[in-house]
Every structure is written in C-alpha cells, then in structure tokens.
Amino acid sequence: MNNRKNAARTERLQQRVLAGFVSARFPEVKSIVISMMYNRSGIAKSLPRTVNFFPDSSAFFRIDCLSKDCVEGGFDLTQVLNSMIRNRREAAKGQLSCEGKGASADHSDIVYEVDIKYS
C-alpha cells in the first residue's frame, strides 16, 4: 500500500511540474481562489479548505483527498477552471466526489466555490 501511495505522490509531483505556471498558461488571470467544504462519509463535521493560485503558482488544479486511506485520489478541478477561464467567468459553484480508491466507494466529496480575478 505504501509503495502505491509513494508512486502516486511521485506521479502528482511530475504532473505539477509539467502543468507549468498559471502566468504561462493563463496570462490574463490575476488570482484563483477555491473555497471548499470537505466532507467524509461517516463523519458529520465538514472541514473548510481554501486553496489559492497566483501567477507564479503551478497550473495543476488537482486537490488532494484528505483521507489517509485514499489511494490515487483527489478532486480534479482542471476542466472547471479551464472552462471558466475560456469563457471569462468570475465565479462558479459545484460539487465533486473523490476520484480515488479508499476504504469505501464515495468516501469523500467537496462542495466548492471558485472566484477568479482577471487583469
């Protein structure tokens, strides 16, 4: 199990490097703020998280799952953000389930709000 987690971690680091910088991929973007409520099945309390992206941030928009039992999981916001930027939208809301393999299916999800500021 640890070997799979380490391999997944190494893969994510490589993807982050290959994604480039926000400034190179989206020069018109000044900032991206993703506010989310992280929910785990079987746990009543939600955990708030905020992730900020700036021009010098990696343009890798996959948020890791917080479940320690999750393997190769996370929440991929790439298509959401690409679509927003392409259409110059400033705000969006939605929900995503973790894509990983955990102790059970549908082990976690996020309810998110995205705010993008443009130049």
Side-chain angles (χ1 to χ4, degrees):
M1 177 85 125
N2 281 339
N3 286 340
R4 285 181 64 187
K5 280 189 175 186
N6 287 336
R9 188 174 298 123
T10 300
E11 174 78 18
R12 274 194 312 277
L13 289 173
Q14 174 131 10
Q15 289 172 342
R16 189 176 310 275
V17 169
L18 293 174
F21 292 104
V22 170
S23 61
R25 296 207 43 223
F26 308 108
E28 70 277 21
V29 172
K30 285 177 37 179
S31 69
I32 301 170
V33 178
I34 303 171
S35 301
M36 64 190 98
M37 292 301 289
Y38 175 79
N39 306 297
R40 283 184 57 191
S41 59
I43 298 178
K45 188 175 180 181
S46 296
L47 178 67
R49 291 179 74 186
T50 301
V51 180
N52 295 285
F53 295 91
F54 298 101
D56 61 345
S57 299
S58 172
F60 184 71
F61 304 123
R62 184 178 178 90
I63 309 299
D64 288 337
C65 179
L66 296 178
S67 174
K68 66 179 181 177
D69 298 326
C70 184
V71 178
E72 299 174 18
F75 309 94
D76 193 349
L77 289 151
T78 302
Q79 289 187 8
V80 171
L81 294 174
N82 285 342
S83 175
M84 287 181 70
I85 294 167
R86 182 174 47 254
N87 295 306
R88 206 160 170 89
R89 289 184 52 205
E90 295 181 351
K93 296 179 181 184
Q95 181 174 350
L96 290 173
S97 293
C98 180
E99 299 173 344
K101 304 163 188 83
S104 64
D106 300 325
H107 60 276
S108 62
D109 66 63
I110 58 169
V111 176
Y112 65 86
E113 293 183 23
V114 178
D115 182 39
I116 301 178
K117 301 283 188 242
Y118 297 94
S119 300

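Residue numbers count from 1 along this sequence.
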Shortest non-hydrogen separation from Arg89 to Ala92 and the atoms involved: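 Closest pair (atom of Arg89, atom of Ala92, distance): NH2-CB, 3.6 Å.
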Might you point out which heavy atoms bring His107 and Gly100 nearest each other, and give the distance in Å?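 Looking at all heavy atoms of both residues, the closest pair is CE1-O, 3.8 Å.
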Any side-chain donor near an acceptor of the partner, Ser97 and Asp109, under 3.5 Å: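 No, because no side-chain N or O of Ser97 sits under 3.5 Å from a partner of the opposite role on Asp109.
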Without placing hydrogens or testing angles, list every side-chain donor-acceptor pair under 3.5 Å for residues 21-37, not counting sequence neighbours.
unit_1: Ser23; atom_1: OG; unit_2: Pro55; atom_2: O; d: 3.2

Going by side-chain hydrogen bond (donor to acceptor under 3.5 Å, both in side chains), name the residues that satisfy it together with Asp76, two or more places apart in sequence or in a different chain.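 Asp76: side-chain hydrogen bond (donor to acceptor under 3.5 Å, both in side chains) contacts with Thr78.
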Distance (rounded to the nearest 0.5 Å) between Ile116 CD1 and Ile85 CD1: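 That separation rounds to 4.5 Å.
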Spacing of CE belonging to Met84 relative to CG belonging to Leu77, to within rounding of 0.5 Å: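 One finds 10.0 Å between CE of Met84 and CG of Leu77.
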Give every residue pair that meets the side-chain hydrogen bond (donor to acceptor under 3.5 Å, both in side chains) criterion with at least one member in residues 110-119, sequence neighbours excluded.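 Checked against side-chain hydrogen bond (donor to acceptor under 3.5 Å, both in side chains) - neighbours excluded - the pairs reaching residues 110-119 are Asp115-Lys117.
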Pairs meeting criterion side-chain hydrogen bond (donor to acceptor under 3.5 Å, both in side chains) with involvement of residues 47-66, two or more places apart: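 The answer is Arg12-Asp64, Arg62-Glu99.
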Listed once per pair and sorted, the ring pair (Phe, Tyr, Trp, His ring centres under 6.0 Å) pairs that draw on residues 46-87, sequence neighbours left out: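 Checked against ring pair (Phe, Tyr, Trp, His ring centres under 6.0 Å) - neighbours excluded - the pairs reaching residues 46-87 are Phe53-Phe61.
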Do Leu47 and Val51 share a hydrophobic cluster (ILVMFWY, side-chain heavy atoms under 4.5 Å, transitive)?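 Yes, Leu47 and Val51 fall within the same hydrophobic cluster.
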Pair Cys98-Tyr38, side chain to side chain contact (heavy atoms under 4.5 Å, CB included): steps then yes or no: CA-CA 10 Å; Cys98 180; Tyr38 175 79; over 6 Å; no
